[in-house]
Amino acid sequence: MAGRGTLGWWQHVKAKGGHVAESAPRGTYLLVAEALRSSIEREQPAGFLPSEASLMETYGVSRNTVRRALKSLEEIDLVEAEPGVGWRVARVGRRRPLVERMTDVIVDDSLAVGDAYPSESKLCERFGVSRTAVRRALAQMEGSGLLDTVQGKGRTVRALPGSVGQP
(Lines give C-alpha, C1' and ligand atoms only; values in the text may rest on other atoms or scores of the structure.)
Protein backbone atom coordinates (compact mmCIF):
# COMPACT_ATOMS: atom_id res chain seq x y z
CA MET A 1 0.00 0.00 0.00
CA ALA A 2 2.95 2.27 -0.48
CA GLY A 3 1.91 5.63 -1.79
CA ARG A 4 -1.42 5.56 0.04
CA GLY A 5 -0.11 6.93 3.29
CA THR A 6 1.28 3.66 4.63
CA LEU A 7 2.38 4.24 8.17
CA GLY A 8 6.09 4.69 8.65
CA TRP A 9 5.71 3.42 12.21
CA TRP A 10 4.78 0.05 10.74
CA GLN A 11 8.35 -0.53 9.60
CA HIS A 12 9.38 -0.08 13.24
CA VAL A 13 6.85 -2.70 14.40
CA LYS A 14 7.88 -5.10 11.64
CA ALA A 15 11.58 -4.66 12.42
CA LYS A 16 10.93 -5.66 16.04
CA GLY A 17 9.47 -8.96 14.84
CA GLY A 18 5.73 -8.77 15.27
CA HIS A 19 5.08 -12.53 15.39
CA VAL A 20 2.47 -13.58 17.89
CA ALA A 21 3.14 -16.41 20.30
CA GLU A 22 1.90 -19.69 18.86
CA SER A 23 0.70 -20.98 22.22
CA ALA A 24 -2.77 -19.44 21.92
CA PRO A 25 -4.61 -21.00 18.96
CA ARG A 26 -7.99 -19.65 20.16
CA GLY A 27 -8.10 -15.93 20.65
CA THR A 28 -4.94 -15.29 18.65
CA TYR A 29 -6.80 -12.46 16.93
CA LEU A 30 -7.01 -10.73 20.32
CA LEU A 31 -3.23 -10.89 20.64
CA VAL A 32 -2.84 -9.40 17.16
CA ALA A 33 -5.44 -6.72 17.96
CA GLU A 34 -3.62 -5.84 21.18
CA ALA A 35 -0.28 -5.59 19.38
CA LEU A 36 -1.80 -3.32 16.73
CA ARG A 37 -3.62 -1.21 19.36
CA SER A 38 -0.40 -0.74 21.33
CA SER A 39 1.49 0.31 18.22
CA ILE A 40 -1.21 2.74 17.15
CA GLU A 41 -1.53 4.32 20.60
CA ARG A 42 2.23 4.48 21.16
CA GLU A 43 3.08 5.98 17.77
CA GLN A 44 -0.10 8.08 17.27
CA PRO A 45 -0.03 7.52 13.49
CA ALA A 46 -2.45 8.81 10.91
CA GLY A 47 -3.18 7.15 7.61
CA PHE A 48 -3.62 3.64 6.31
CA LEU A 49 -2.56 0.43 7.97
CA PRO A 50 -0.51 -2.08 6.02
CA SER A 51 -2.38 -4.54 3.82
CA GLU A 52 -3.93 -7.67 5.29
CA ALA A 53 -1.26 -9.70 3.50
CA SER A 54 1.48 -7.66 5.18
CA LEU A 55 -0.15 -8.07 8.58
CA MET A 56 -0.44 -11.81 7.97
CA GLU A 57 3.27 -12.02 7.22
CA THR A 58 4.31 -9.81 10.11
CA TYR A 59 2.29 -11.67 12.74
CA GLY A 60 2.50 -15.11 11.17
CA VAL A 61 -1.26 -15.61 11.22
CA SER A 62 -4.08 -16.30 8.76
CA ARG A 63 -6.13 -13.73 6.89
CA ASN A 64 -9.17 -14.60 9.01
CA THR A 65 -7.19 -13.88 12.19
CA VAL A 66 -6.09 -10.51 10.82
CA ARG A 67 -9.65 -9.64 9.80
CA ARG A 68 -11.03 -10.58 13.23
CA ALA A 69 -8.34 -8.45 14.89
CA LEU A 70 -9.17 -5.48 12.67
CA LYS A 71 -12.91 -5.90 13.29
CA SER A 72 -12.33 -5.91 17.05
CA LEU A 73 -10.35 -2.66 16.73
CA GLU A 74 -13.11 -1.23 14.56
CA GLU A 75 -15.67 -1.97 17.29
CA ILE A 76 -13.74 0.22 19.72
CA ASP A 77 -13.41 2.94 17.06
CA LEU A 78 -9.63 2.71 16.79
CA VAL A 79 -9.55 1.80 13.09
CA GLU A 80 -12.04 2.13 10.28
CA ALA A 81 -12.42 0.39 6.95
CA GLU A 82 -12.42 2.40 3.77
CA PRO A 83 -14.05 0.22 1.10
CA GLY A 84 -11.76 -0.48 -1.81
CA VAL A 85 -8.76 1.11 -0.12
CA GLY A 86 -8.05 -0.65 3.17
CA TRP A 87 -7.97 0.00 6.89
CA ARG A 88 -6.87 3.22 8.50
CA VAL A 89 -6.53 4.71 11.94
CA ALA A 90 -9.87 6.26 12.89
CA ARG A 91 -10.19 9.99 12.92
CA VAL A 92 -9.67 11.49 16.35
CA GLY A 93 -13.38 12.30 16.81
CA ARG A 94 -14.32 8.65 16.39
CA ARG A 95 -11.91 7.36 19.04
CA ARG A 96 -14.36 8.06 21.83
CA PRO A 97 -15.70 4.72 23.12
CA LEU A 98 -19.05 3.63 21.74
CA VAL A 99 -20.51 3.16 25.22
CA GLU A 100 -19.80 6.83 25.99
CA ARG A 101 -21.40 7.98 22.75
CA MET A 102 -24.42 5.76 23.42
CA THR A 103 -24.71 7.11 26.96
CA ASP A 104 -24.84 10.61 25.45
CA VAL A 105 -28.03 9.56 23.63
CA ILE A 106 -29.90 9.86 26.93
CA VAL A 107 -28.94 13.53 27.24
CA ASP A 108 -28.94 14.37 23.51
CA ASP A 109 -32.44 12.95 23.00
CA SER A 110 -33.72 14.46 26.29
CA LEU A 111 -34.71 11.06 27.66
CA ALA A 112 -36.01 10.80 31.22
CA VAL A 113 -36.04 7.88 33.64
CA GLY A 114 -38.60 5.37 32.34
CA ASP A 115 -38.41 6.54 28.71
CA ALA A 116 -37.77 4.01 25.95
CA TYR A 117 -34.15 3.82 24.79
CA PRO A 118 -33.59 3.50 21.00
CA SER A 119 -33.59 -0.01 19.48
CA GLU A 120 -30.44 -1.89 18.52
CA SER A 121 -31.12 -1.36 14.82
CA LYS A 122 -31.56 2.41 15.26
CA LEU A 123 -28.32 2.57 17.27
CA CYS A 124 -26.44 0.59 14.61
CA GLU A 125 -27.64 3.05 11.99
CA ARG A 126 -26.98 6.12 14.13
CA PHE A 127 -23.39 5.18 15.01
CA GLY A 128 -22.49 3.15 11.92
CA VAL A 129 -21.37 0.12 13.91
CA SER A 130 -22.25 -3.57 14.06
CA ARG A 131 -25.06 -5.03 16.14
CA THR A 132 -22.41 -6.89 18.17
CA ALA A 133 -20.70 -3.62 19.11
CA VAL A 134 -24.06 -2.08 20.07
CA ARG A 135 -24.97 -5.10 22.20
CA ARG A 136 -21.66 -4.94 24.07
CA ALA A 137 -22.17 -1.25 24.82
CA LEU A 138 -25.77 -1.87 25.90
CA ALA A 139 -24.60 -4.62 28.25
CA GLN A 140 -22.13 -2.19 29.80
CA MET A 141 -24.85 0.43 30.18
CA GLU A 142 -27.17 -2.12 31.80
CA GLY A 143 -24.38 -3.28 34.09
CA SER A 144 -23.68 0.26 35.23
CA GLY A 145 -27.35 0.82 36.02
CA LEU A 146 -28.22 3.24 33.21
CA LEU A 147 -30.67 0.96 31.38
CA ASP A 148 -33.23 -1.73 32.17
CA THR A 149 -34.31 -4.42 29.75
CA VAL A 150 -37.77 -5.97 29.84
CA GLN A 151 -38.19 -9.03 27.64
CA GLY A 152 -40.51 -8.18 24.76
CA LYS A 153 -40.69 -4.49 25.65
CA GLY A 154 -37.17 -3.26 24.94
CA ARG A 155 -34.88 -1.07 26.98
CA THR A 156 -35.78 1.86 29.16
CA VAL A 157 -33.71 4.50 30.91
CA ARG A 158 -33.16 3.46 34.52
CA ALA A 159 -30.94 6.38 35.62
CA LEU A 160 -29.53 9.53 34.11
CA PRO A 161 -25.79 9.79 33.33
CA GLY A 162 -23.91 11.27 36.26
CA SER A 163 -26.44 10.02 38.81
CA VAL A 164 -25.26 6.40 38.65
CA GLY A 165 -23.04 5.42 41.56
CA GLN A 166 -23.70 8.58 43.54
CA PRO A 167 -25.02 8.32 47.13
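Enclosure of atom CZ in R37 by more than 12 non-hydrogen atoms of other residues, nucleotides or ligands within 6.0 angstrom is indicated.
Residues V107 and M141 do not share a hydrophobic cluster, clusters being chains of Ile/Leu/Val/Met/Phe/Trp/Tyr side chains in contact below 4.5 Å.
Proximity of a side-chain donor or acceptor of S54 to a complementary backbone N or O of S51 within less than 3.5 Å is not detected. Remark: side-chain polar atoms of S38 are paired, donor with acceptor, to backbone N or O of E34 under 3.5 angstrom. The main-chain N or O of I106 is never found under 3.5 Å from a side-chain atom of D109 such that the two would form a donor-acceptor pair.
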Would V32 and L70 satisfy side chain to side chain contact (heavy atoms under 4.5 Å, CB included), going step by step from the backbone distance to the final call? CA-CA 9 Å; V32 173; L70 291 168; over 6 Å; no

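Residues P50 and L55 approach most closely at O-CD1, 3.9 Å, considering heavy atoms. Of all the heavy atoms in V157 and L147, the pair that sits closest is CA-CD2, 4.0 Å. Taking all atoms of both residues into account, the shortest heavy-atom contact from M102 to L123 is CE-CD1, 3.7 Å. L73 and A33 make their closest contact through CD2-O, 3.6 Å (heavy atoms, listed as atom of the first residue, atom of the second, distance). Considering every non-hydrogen atom in both L98 and A133, the closest pair reads CD2-O, 3.6 Å.
L146 contributes atom CG, which lies 11.5 Å from atom OG1 of T156 (distance to the nearest 0.5 angstrom).
Checked by atom type, the side-chain pair E75/T132 shows no donor-acceptor distance below 3.5 Å.
Here T103 pairs with nothing under the side chain to side chain donor-acceptor pair (under 3.5 Å) rule; sequence neighbours left out.
Two residues are said to be in side-chain contact when any heavy atoms from C-beta on lie closer than 4.5 Å; E80 and V89 fail this criterion. In this structure, the side chains of Y59 and L36 come closer than 4.5 Å at one or more pairs of heavy atoms. For the pair Y117/R158, no side-chain contact is recorded, criterion being any heavy-atom separation below 4.5 Å from C-beta on.
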